[in-house]
Amino acid sequence: MPTTTRRPRPQHVLTVESTERLGPRLVRVVLTGEALADFGAEEFTDAYVKLLFVSPELGVEPPYDLAALRESAPAELQPLTRTYTVRAIDREARRLTLDFVTHGDTGWAGPWAQSARPGDRAVLMGPGGGYAPDPDVDWHLLAGDLSAVPAIAAALEALPSEAKGVALLEVEAESDVLEVTAPDGVQVSWLVNPDTDDVDFLARAIDAAPWPTDVSEGAVQVFAHGERESIKAVRRSLKEREIPRAAISISGYWARGRTEEAFQAEKRTPVGRIGD
Ligand SMILES: Cc1cc2nc3c(=O)[nH]c(=O)nc-3n(C[C@H](O)[C@H](O)[C@H](O)COP(=O)(O)OP(=O)(O)OC[C@H]3O[C@@H](n4cnc5c(N)ncnc54)[C@H](O)[C@@H]3O)c2cc1C
């Protein structure tokens, strides 16, 4: 039988140009590098990249031979990837903007972003992506937590000026609220929920939204992403409303108490599924 080998995904080696704290839990990191001249995924507002974390102890330089490292590196030095939305890309100026939720000193990407300084190196793969707001849809619902704010803010900026809908953004504190640009007909609501155990909070807000009577395909479009358990509740709510599946972009972006490795691995088990 012929063996199939996966072609390694191209890696972009970039440099931190600047960082900015946008709020108590959000840090913006602007990356620069020639590789951004022909960066793809123009068509998606939820374009994302995979940041690569390779321990300096391995003594290797990018682009990394990930397949070889996965074979040879000891378990505690395995290369790691972390997924981040392209908040903005300026190919001409060679600038890529990523916004990182910071969540204490656990994990890799959050702490990296908190301490990133101009001149630091960042290696990433991508972009991927799958959603863009359809300008012909009558009503848009965009919902998520702080990890989805970069994608939702990018979608709001891409909507035509006459677009209608609501954006429901769940945050832990008033101080997390940011300025976002949205069409006049799209009501942006920042919803403060300090109780991180209340995973039905966003779903309740979606239930209470001013839904149009016609929710058929072409009439509505939904983008809902964030913490996995909260997104499961959102999925149940959308199902009750019989929103057509094709009109919905929905997924967990992370799961409380799980590293990205555990979160990705659990997608293959019942707890990791957000519902069809
Ligand atoms: C397509 C896609 C796009 C994404 N875009 C963004 C983005 O633009 N900005 C962004 O911040 N995140 C984004 N995420 C989520 C991000 O990939 C995860 O939050 C990731 O786990 C962070 O990695 P880490 O190394 O900081 O923490 P990990 O090592 O993965 O986890 C360590 C601990 O931190 C907790 N943790 C992880 N993320 C959060 C969080 N957001 N809030 C509170 N606790 C957390 C985990 O539950 C775990 O207990 C996106 C995810 C996907 C799939």
Side-chain angles (χ1 to χ4, degrees), residues 9 19-31 41 44-55 76-89 96-116 122-132 142-157 169-173 176 178 180 193-199 201-202 223-232 249-268 271-274:
R9 283 187 285 176
T19 68
E20 183 189 354
R21 188 157 271 289
L22 301 179
R25 271 170 279 268
L26 205 64
V27 170
R28 171 159 292 173
V29 178
V30 179
L31 301 170
F44 301 124
T45 53
D46 71 342
Y48 62 84
V49 294
K50 298 267 178 194
L51 273 176
L52 262 170
F53 291 89
V54 172
S55 170
E76 68 283 7
L77 296 182
Q78 281 290 312
L80 300 174
T81 60
R82 292 291 182 266
T83 313
Y84 284 85
T85 302
V86 173
R87 173 62 184 88
I89 171 78
L96 169 69
T97 303
L98 308 177
D99 291 347
F100 294 75
V101 176
T102 57
H103 47 88
D105 53 11
T106 58
W108 289 86
W112 176 82
Q114 282 191 96
S115 62
V123 184
L124 52 86
M125 299 181 295
Y131 161 90
L142 301 132
D145 64 14
L146 204 52
S147 71
V149 164
I152 292 174
L156 289 171
E157 286 168 9
L169 305 166
E170 179 183 356
V171 290
E172 278 179 51
D176 292 320
L178 305 171
V180 291
N193 176 23
D195 178 3
T196 53
D197 290 333
D198 181 8
V199 294
F201 181 88
L202 192 59
F223 181 83
H225 298 262
E227 201 283 326
R228 184 179 71 196
E229 296 309 308
S230 160
I231 293 300
K232 282 182 189 171
S249 164
I250 190 165
S251 75
Y253 269 6
W254 63 286
R256 196 166 295 285
R258 270 66 163 186
T259 61
E260 188 163 333
E261 290 72 42
F263 166 67
Q264 295 291 352
E266 282 182 353
K267 284 187 178 170
R268 295 184 287 277
V271 72
R273 298 199 186 107
I274 57 139

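Order of listing sets the numbers, starting from 1, for every ligand and every atom in it.
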Is it true that K232 and E227 have a side-chain N and a carboxylate O under 4.0 angstrom from each other?
no
Output the distance between atom OG1 (T83) and atom CG (L51), rounded to the nearest 0.5 Å.
8.5 Å
Between D99 and Y84, which heavy-atom pair has the shortest distance, and what is it?
O-CD2, 4.0 Å
Those protein residues which place at least one heavy atom below 4.0 Å from ligand 1:
Y48, R82, T83, Y84, T85, D99, F100, V101, H103, T106, G107, W108, A109, G110, S147, P150, Y253, W254, A255, R256, G257, R258, T259, E260
Ionic contact status for E229 with R256, cut-off 4.0 Å:
no
Do the charged groups of E266 and R228 touch, with an N to O distance under 4.0 Å?
yes
Parallel under 30°, tilted from 30 to 60°, perpendicular over 60°: which one fits the rings of Y253 and H225?
tilted
